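Here the structure comes first, spelled out in structure tokens, and everything after it is commentary.
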Amino acid sequence: MSKPSLARGTRDFGPEQMAKRTFIFDTIRRAFQRYGFLPLETPAFENLSVLMGKYGEEGDQLLFKILNSGDFSGKLTDPDWNEGYKALTGKISEKGLRYDLTVPFARYVVMNRGTLAMPFKRYQIQPVWRADRPQKGRYREFYQCDADVVGTDSLLCEAEIVMLLHDILPALGIEDFTIKINNRKILTGIADMIGAHGMEGPLCVAIDKLDKIGKEKVEEELIQRGFTSESILKLEPVFSLSDGTAPFKELKNWLSGSEIAMKGIDELETVWKLVKTLGLENARIQFDVTLARGLSYYTGAIFEVKANNVQIGSISGGGRYDNLTGTFGVPGISGVGISLGVDRIYDVMEELNLFPESRKTSTQVMISNFDEEAFLYGLSVLPKLRNAGINAEIYPDSVKLKKQLDYADRKNIPFVILIGSDEIQSGLLTLKNMKSGEQQKRNASDIIALLTAERS
RNA sequence: GAGGUUGUAGCUCAGUUGGUUAGAGCGCCAGAUUGUGGUUCUGGAGGUCGCGGGUUCGAGACCCGUCUCCCUCCCCA
């Protein structure tokens, strides 16, 4: 016999936590549906050929791989063992747990492109798995809520994502948040402008840390990553720009020589305009050149949402990807989407005390079980309550009333029906209000009417 | 994957330089109360001290390994 334990980075969710999580899921799902997204679910695991190479090298490493079933090592030869673990992995594992919902979605779109009404809008709420080291707000199994549109380049999609976030987060009580937006094309243009063509990857990683470690440290890191001091000098405008409120003009002057950067700026300006046209006042959107995060497949807009005044990383992220389906052989389908992290939103709401006070119980009334005769009588009342739409249960054992009331108390059941010989004889049951302690004698249909009224 | 930190009852934690039988609060169970929960009082149960090895006459404490929690880096929801 061994002590039970949870796998690293995983958690159980008890009834109380589930009530809160369900509240989040329901709020998000309702919003997704209101914007015309349709539901989709995909398998927990996929063939590794689908997942590998989509998230960069780092991502490949964080994929949970599933060992082939059966005699996975039978066909291995001595050279296989000496080729290193990466080559070996390919020979003993063909499947992996999904790392996000976007790539499985792209796979689905490619496999079903003939039958989908394009542009196709889908939402998907499922867990994903990542084999990284757990930390605050970071788990190895967590839920993502994704909404994506594929099959259109329209920047309305980006604007709608902004709207969607402005619907969902306040509905959850998160009023103080910032949607940071950047565009991959601008980053590409910057890399070109400073004479570091194709190096936007490392550039992004370093720049992204600006607000965390400061300008000097960023410059140090850039040198370490192989940028020339000349390039870094040319990068100067980025630092002065980063906290401006309407930096597009400056940015245009600086990057006028880069066609691709100008296109990126233009795209962002359009998004800003569309958001305004959609009637959103005081949008919590902020352009941030230093926002460089994003999985390797992003090509246009990049989003990241931060809840302010909390010690938790971003609660949402997303962006536009032009060639994700291309990696499955079907190019030319552009997509854009957003992903909300339920587990982090939960942590934020917990930290800010934002969960509405909800009834911790689902049972509204419990019938006591005094003795055999009363039990049988109770069984005849129970279905009447349930048929009337009242959540009801009967205590299953004939034990001391004290114990039964204690159970009701602990389960936060607001009403108890006491049935004994008196009640059976008169047909008037004792309805006890557990909060006030008061009791009244009523017949079954009166009780149903009372409880129904109580519920609303 | 690199570095740091933590682990003692169901929970939160004490436990002296290594020394008898490892403690407290809360919770749990039972009784006070044979038809009445929360409050109170009384009593009780509950520990391979994360796991494995080592040092020692003797280890919860010291050493090594390992797992886990939390944190920093990397990266991300």
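The sequence lines fix the lettering, A, B, ..., with proteins before strands; numbering per chain opens at 1. Just so it is clear, the values below take in all heavy atoms, side chains as well, and ignore hydrogens, waters and symmetry mates. None of the values given here were measured: they were computed from a predicted structure.
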**Asked** Between A:Lys306 and B:A77, does any side-chain N or O lie under 4.0 Å from OP1 or OP2?
**Response** no
**Request:** Check whether any side-chain heavy atom of A:Arg130 sits under 4.5 Å from a side-chain heavy atom of A:Tyr55, and report yes or no.
**Result:** no
**Message:** For A:Asp148 and A:Gln124: C-alpha separation, side-chain torsions, deciding distance, then whether side-chain contact (heavy atoms from CB on, under 4.5 Å) applies.
**Reply:** CA-CA 9 Å; A:Asp148 284 76; A:Gln124 189 168 353; over 6 Å; no
**Request:** Please determine, for the side chain of A:Arg344, which listed nucleotide (B:G37, B:C75, B:C76) has the closest atom?
**Result:** B:C76
**Message:** Please evaluate residues A:Leu429 and A:Tyr377 with respect to the criterion side-chain contact (heavy atoms from CB on, under 4.5 Å), reporting the C-alpha separation (whole Å), side-chain torsions for both, the decisive distance (0.1 Å), and the verdict.
**Reply:** CA-CA 11 Å; A:Leu429 313 180; A:Tyr377 192 95; 3.7 Å; yes
**Asked** What orientation do A:Tyr123 and A:Phe32 show, parallel under 30°, tilted 30 to 60°, or perpendicular over 60°?
**Response** tilted
**Item:** Test salt bridge (Lys or Arg N to Asp or Glu O under 4.0 Å) applied to A:Asp26 and A:Arg29, step by step
**Value:** CA-CA 5 Å; A:Asp26 288 349; A:Arg29 186 177 291 111; 3.5 Å; yes
**Prompt:** Do A:Lys432 and A:Leu405 have side chains that get closer than 4.5 Å, going by heavy atoms?
**Reply:** yes
**Request:** Kindly indicate whether the side chain of A:Gln439 and the base of B:U36 share any N or O donor-acceptor pair separated by less than 3.5 Å?
**Result:** yes
**Prompt:** When you compare B:C57 with B:G18, how far apart are their C1' atoms, in angstrom units rounded to a whole number?
**Reply:** 12 Å
**Asked** With nearest nucleotides of RNA chain B determined for A:Gly317 and A:Glu58 from heavy-atom distances, which residue corresponds to the more 5′ nucleotide?
**Response** A:Glu58
**Base-pairing mate for B:G65 - Watson-Crick or G-U, with both contacts under 3.5 Å** = B:C51
**Asked** So what does A:Gly59 hit on the nucleic acid, given a heavy-atom distance under 4.0 Å: a base, only sugar-phosphate, or nothing?
**Response** nothing
**Prompt:** Rounded to the nearest Å, what distance is computed from the CD1 atom of residue A:Ile345 to the P atom of nucleotide B:A77?
**Reply:** 12 Å
Look for any protein N or O under 3.5 Å of an N or O in nucleotides 67-69 of chain B and output each such pair with its distance, or none.
unit_1, atom_1, unit_2, atom_2, d
B:C69, OP1, A:Gly9, N, 3.2
B:C69, OP2, A:Arg8, NE, 3.2

**Message:** With rounding to the closest Å, how many angstrom separate the P atoms on B:A22 and B:A59?
**Reply:** 14 Å
**Message:** Going by salt bridge (charged side-chain N to carboxylate O under 4.0 Å, His left out), A:Glu46 matches just one of A:Arg98, A:Arg107, A:Lys95. Which one?
**Reply:** A:Arg107
**Item:** A:Met434 CE to B:U39 P, straight-line distance once rounded to whole Å
**Value:** 12 Å
**Request:** In whole angstrom, give me the gap between the C1' atoms of B:U39 and B:A32.
**Result:** 14 Å
**Prompt:** Once the angle between the rings of A:Tyr346 and A:Phe355 is folded into 0 to 90°, is it parallel (under 30°), tilted (30 to 60°) or perpendicular (over 60°)?
**Reply:** tilted
**Asked** Just checking A:Lys435: base, sugar-phosphate only, or nothing, at a heavy-atom cut-off of under 4.0 Å?
**Response** base
**Request:** Taking only the side-chain nitrogens and oxygens of A:Lys400, find out if one of them lies under 4.0 Å from OP1 or OP2 of B:G31.
**Result:** yes
**Item:** Spacing of the C1' atoms in B:C29 and B:A9 (rounded, Å)
**Value:** 15 Å
**Message:** By nearest heavy atom, map A:Ser316 and A:Ser421 onto RNA chain B; which one lands nearer the 5' end?
**Reply:** A:Ser421
**Asked** Do A:Arg138 and A:Asp343 meet the salt-bridge criterion of a basic N to acidic O distance under 4.0 Å?
**Response** no
**Request:** Round to a whole Å and report the spacing from OH of A:Tyr55 to C1' of B:C74.
**Result:** 19 Å
**Message:** How many whole angstroms separate atom CD of A:Gln135 from atom P of B:A2?
**Reply:** 15 Å
**Message:** Between P on B:A77 and CZ on A:Phe177, what's the gap in Å once rounded to a whole number?
**Reply:** 18 Å
**Prompt:** Touch check for A:Gly56, heavy atoms < 4.0 angstrom, all strands: base, sugar-phosphate only, or nothing?
**Reply:** nothing
**Complete:** Per atom distances to the A:Arg410 side chain, the nearest of B:C28, B:G35, B:A77 is B:C28
**Prompt:** With respect to the side chain of A:Lys432, which nucleotide from B:C75, B:C71, B:G37 is positioned closest?
**Reply:** B:G37
**Item:** Atom pair distance, as rounded to whole Å: CD in A:Glu304 and P in B:C76
**Value:** 10 Å
**Closest heavy-atom pair and its distance - A:Phe370, A:Ile419** = CB-O, 3.4 Å
**G-U wobble or Watson-Crick pairing nucleotide for B:A45 (cut-off 3.5 Å, both distances)** = none
**Message:** Distance check, C1' atoms only: B:U34 and B:U12, in whole angstrom units.
**Reply:** 38 Å
**Message:** Looking at the base of B:G37, is there any donor atom on it, or on the side chain of A:Asp406, that sits under 3.5 Å from an acceptor on the other one?
**Reply:** no
**Asked** Using the C1' atom in both, what is the distance from B:C70 to B:G31, to the nearest Å?
**Response** 43 Å
Please enumerate all protein N or O atoms sitting under 3.5 Å from an N or O of nucleotides 3-12 of chain B, with distances to 0.1 Å.
unit_1, atom_1, unit_2, atom_2, d
B:G3, O6, A:Arg133, NH1, 2.9

**Message:** Between B:C67 and B:G27, how many Å separate the two C1' atoms, rounded to a whole number?
**Reply:** 28 Å
**Message:** Give me the distance, rounded to whole Å, that separates B:C64 from B:G1 when you measure between the C1' atoms they each carry.
**Reply:** 23 Å
**Message:** side-chain contact (heavy atoms from CB on, under 4.5 Å) for A:Leu187 and A:Ile302? Distances and angles first, verdict last.
**Reply:** CA-CA 11 Å; A:Leu187 293 164; A:Ile302 310 170; 4.1 Å; yes
**Item:** Nucleotide nearest A:Leu401 (side chain, heavy atoms from C-beta), chosen from B:G35, B:A30, B:A77
**Value:** B:G35
**Item:** Value in whole Å for how far the C1' atom of B:G38 lies from CZ of A:Phe415
**Value:** 17 Å
**Closest listed nucleotide, where the reference is the side chain of A:Asp422 and the choices are B:C29, B:A77, B:G35** = B:G35
**Request:** Check if the side chain of A:Glu423 and the base of B:G35 share a donor-acceptor pair of N or O atoms closer than 3.5 Å.
**Result:** yes
**Message:** So A:Tyr407, base contact, sugar-phosphate only, or nothing? Heavy-atom distance under 4.0 Å.
**Reply:** nothing
**Atom pair distance, as rounded to whole Å: CG in A:Leu62 and P in B:C76** = 9 Å
**Message:** Can you classify the ring geometry of A:Tyr321 versus A:Tyr297 as parallel (below 30°), tilted (30 to 60°) or perpendicular (above 60°)?
**Reply:** perpendicular
**Item:** Closest nucleotide among B:C74, B:C28, B:G38 to the A:Lys402 side chain
**Value:** B:G38
**Request:** Tell me, with the steps shown, if A:Cys157 and A:Lys121 meet side-chain contact (heavy atoms from CB on, under 4.5 Å).
**Result:** CA-CA 10 Å; A:Cys157 303; A:Lys121 305 172 79 169; over 6 Å; no
**Prompt:** Across all strands shown, which nucleotide pairs with B:A14 by Watson-Crick or G-U wobble geometry, both distances under 3.5 Å?
**Reply:** none
